[in-house]
Amino acid sequence: MKITKTICALASLLITTQFAQAQTWPTKTLTWIVPFAAGGPTDAMARDIADKVSRHLGQTVIIENTAGAGGTLGAGKAAKANPDGYTFLVGHMGYMGAAPALYKKLSYDPVKDFEAVFRFPDTPLVLLVPKTSPYKTADALIAAAKASPKKINFGNAGVGSTSHLIAALFESKAGIDVTPISYKGAAPAMNDLVGGQVDAMFDQSNTALPQVTGGRLNAIALTSLTPMPVQYPNVPALAEKTLPGFEAATWYGLYAPKGVAKDVVQKLHQAYLKALTDKDWTKRMAAQGINLLPEAQYAPEAFAKHTAAEVDRWRQVATDAKIQID
Ligand code: MLT
């Protein structure tokens, strides 16, 4: 009886505290954990969105880069954070979708340990090679990889990152065997790609664009179903001829540790929707090849459903493509 009373009192204290928090929130700086090195696609997307959202919240959002293990390190840290509405995770398809299928031991559950807040727009990827690479097309790279298994190496942003997963899917569909080289994010991997220490890499098409237009890298194929003539003129989609049906895009979004007040989620989602009414901003994203989504897909409920569906989908994809980590 006494124990029941204590539990009831604690539960009502929790609800009252959450209510009081939600009334005044946000009263201090928010932290968004980005689990990769600064300067990469997840970091760039997070900083851009954090900047716009913070203007509508009236509070600063800082980005904390906790890099390592393909994003699973930072995600594990976020899962254990206080759900007080001040610490969030910027999640993506790898560590919030594919990781449960890839890691035997994962310190968090993307569905049970997090509350989905809102989804970001998606980005397709591009297959890149150094400027001096002998591979001018994806077909030439595939032919060379078939002739010499394991000889060609592919840089990636960490084990289980999207650059790793999409390269593994590409390998499986093309019937080749390459050597992966993992970094703590796309930014350091791209440095080595530009320097020629890495033979090839899939990177997000938006952040790779300046490297390609600046003449430091060659883009040889896209993972979008159709070409992107404005951003990548003369670069074919893999699906067009090389690997019919091949399509991949990275999804991202904001998550809070489970237990965060519902009002906090709603306020953040509303601030994001307000930010998206800035047409100059959305036009700029579209010009970079970022796929803006129908508004309903950005919503917390839709994003939670999407996350759960992706966890299930990746179990199948990883089995079919024989992608394994440990
Ligand atoms: C990835 O490949 O998962 C991302 O590009 C990593 C990053 O943002 O650095």
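Each ligand, and each atom within it, is numbered from 1 in the order the structure gives.
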Which heavy atom of the protein is the closest neighbour of [atom], given with residue, atom name and distance?
| atom | answer |
| --- | --- |
| atom 8 (O) of ligand 1 | T42 OG1, 2.6 Å |
| atom 9 (O) of ligand 1 | A186 N, 2.7 Å |
| atom 5 (O) of ligand 1 | P41 CG, 3.3 Å |
| atom 1 (C) of ligand 1 | T162 OG1, 3.0 Å |
| atom 6 (C) of ligand 1 | A157 CB, 3.3 Å |
| atom 2 (O) of ligand 1 | S163 OG, 2.7 Å |

Practice item. Would you indicate whether the side-chain heavy atoms of L89 and Y95 approach each other to under 4.5 Å? Key: yes
Exercise for review: Go through the steps for F303 and H269 under the test side-chain contact (heavy atoms from CB on, under 4.5 Å), then give the verdict.
Suggested key: CA-CA 11 Å; F303 187 37; H269 175 228; over 6 Å; no
Exercise for review: Return yes when atom NZ of K258 has more than 12 non-hydrogen atoms of other residues, nucleotides or ligands closer than 6.0 Å, and no otherwise.
Suggested key: yes
Practice item. Specify whether F118 and F120 have parallel, tilted or perpendicular ring planes, treating 30° as the upper limit for parallel and 60° as the lower limit for perpendicular. Key: tilted
Practice item. Describe, in one word, how the ring planes of Y86 and W25 are oriented to each other, choosing from parallel (under 30°), tilted (30 to 60°) and perpendicular (over 60°). Key: tilted
Point to revise | ligand 1-proximal atoms of H92, by part, heavy-atom distance under 4.0 Å | key: side chain
Practice item. Heavy-atom contacts with G185 under 4.0 Å: which atoms of ligand 1 show up? List them by number with element. Key: 9 (O)
Practice item. Give the atoms of ligand 1, by number and element, whose distance to some non-hydrogen atom of S161 is under 4.0 Å. Key: 1 (C), 2 (O), 3 (O)
Review point. Judged by modelled atom types alone, do T87 and E64 share a side-chain donor-acceptor pair under 3.5 Å?
Key: no
Exercise for review: Assess the side chains of Q231 and S205: does a donor N or O sit below 3.5 Å from an acceptor N or O?
Suggested key: no
